[in-house]
Number of protein chains: 2
Amino acid sequence: MAIGPKLDRIDLKILAKLQEAGRITNVELSDAVGLSPSPCLTRVKRLETAGYITGYGAHINLNKLGEFLTVFTEVTLGEHRRGDFSRFETRIAKIDEIVECHLVSGGYDYLLKFVARGVTHYQSLIEEMLENDYGIEKYFSYIVIKSPFIKHHFPIQNLFGE
Amino acid sequence: MAIGPKLDRIDLKILAKLQEAGRITNVELSDAVGLSPSPCLTRVKRLETAGYITGYGAHINLNKLGEFLTVFTEVTLGEHRRGDFSRFETRIAKIDEIVECHLVSGGYDYLLKFVARGVTHYQSLIEEMLENDYGIEKYFSYIVIKSPFIKHHFPIQNLFGE
DNA sequence: TTGCAGTGCGGCATTAAATGCCGCACTGCC
DNA sequence: GGCAGTGCGGCATTTAATGCCGCACTGCAA
């Protein structure tokens, strides 16, 4: 096997396959990567416990559930001391509508992704943050008009040369 | 059942559950939502064919596969005629390292998310785009230093009031 | 109010998949 | 050249996925 030193080609195939077909049966997966079911399952379990696979999920088409508003928000904190960042991160993590948080280099500190029911809802979330000392100095909102594509998989094979 | 008019509470439970545990067995799922396996599976299949569930995937821990660089890039096109947008979207969709594309309102046109092997790799991708007439007037890169969190599920229940 | 038709659920039998166990082949090390 | 460790395929057993069938509940109509 591998994992300790590095994953072998079969492990990468398994990851790539599961990434785009998370609910594939082990029998099909084993066939796709060229193994019999037993060792294939062993590898999957090992990839899971070793942390290469952190979980599985269904991709839900939010638009079919109603009208949703996605917003990317640039946030600049007022203070940049040790603790200001972690406190901010801890607090926003608890807000369900903030689905992504990225600390970036450049003109501002954080890029957040919101999914709200509409502009009113989004506005109320922002006001809540401004009024309750999250440490935000300023922010700027970019409302998503449409998302031509969101790939649910990274090019594992390509990034390695395969 | 529902779906035609609107999803009932059980359907939402199924979506919420599958979103965070895509590989749960139908037996467990049925138990979690309070149904027997048969009707539960029927609902899942219907949600899939009706387009509420667009697919399943494993969440891969890219950092364990090596050092990767995530970059958010703001792009402004030089021309904004009908066709300039669709042409740009079509072309960048073919670039594996661009995993998300959002058309936004505000100071620029597109917010792109890249996953590359490093700054050199990212730079080569950008140069490739600039040299080959993608219609880019200007761009700005925000390198992700760390992502405190990326939730792989939207608050389905909460957004509807549970 | 009583009967009829349509819809969705739970129970049961059958088929397929997930798991665990065992012996064999390949590789590195004595 | 023989021995120990690792990973694979095959096989038996336990579970889950599916498809079928009759029953209960709801709305509609006489």
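Convention: sequence-line order gives letters A, B, ...; per-chain numbering from 1. These numbers come from a predicted model, not from an experiment.
The CG atom of A:Leu18 sits 11 Å away from the P atom of C:dA18 (whole-angstrom rounding). Between the CZ atom of B:Arg9 and the P atom of C:dC9 there is a distance of 14 Å, given to the nearest Å. What separates CD1 of B:Ile10 from C1' of C:dT7 is a distance of 14 Å, to the nearest Å. As rounded to whole Å, 16 Å separates atom P of C:dA18 from atom CD1 of B:Ile24. Computed from coordinates, the A:Glu28 CD to C:dA18 P distance equals 9 Å when rounded to whole Å. Distance, A:Asn26 CG to C:dA17 C1': 8 Å, rounded to whole Å. Rounded to whole Å, atom P of D:dC8 lies 9 Å from atom CG of A:Asp11. Whole-Å rounding puts the B:Leu29 CG to C:dG10 P distance at 13 Å.
Not less than 6.0 angstrom separates the ring centroid of B:Phe72 from the ring centroid of B:Tyr142. Note: B:His102 and B:Tyr110 fail the aromatic proximity criterion, with ring centroids not under 6.0 Å apart. Ring to ring, A:His59 and B:Tyr56 are not that close: their centroids are 6.0 angstrom or more apart.
The side-chain tip of A:Lys151 points at the ring of A:Phe149 from less than 6.0 angstrom away and within 45° of straight on.
Closest to the B:Val27 side chain, of the nucleotides D:dA16, C:dG10, D:dG9, is D:dA16. If you check C:dG10, D:dA17, D:dG9 against the side chain of B:Leu35, the one that comes closest is C:dG10. Nearest nucleotide to the B:Leu41 side chain, out of D:dA17, C:dG10, D:dC8: D:dA17. In this structure, of D:dC8, D:dT18, C:dT19, it is C:dT19 that holds the atom nearest to the side chain of A:Pro37.
Looking at heavy-atom distances under 4.0 Å, A:Ser38 makes contact with a base.
Contact of the A:Thr54 side chain with the B:Ile60 side chain is not registered, since no non-hydrogen atoms from C-beta on lie closer than 4.5 Å.
Across all strands shown, C:dG23 forms a Watson-Crick or G-U wobble pair, both distances under 3.5 Å, with D:dC8.
The phosphate of D:dG7 (OP1 or OP2) has no side-chain N or O of A:Arg43 nearer than 4.0 angstrom.
Residue whose closest nucleotide on DNA chain D sits further toward the 5' end, between A:Cys40 and B:Thr25: A:Cys40.
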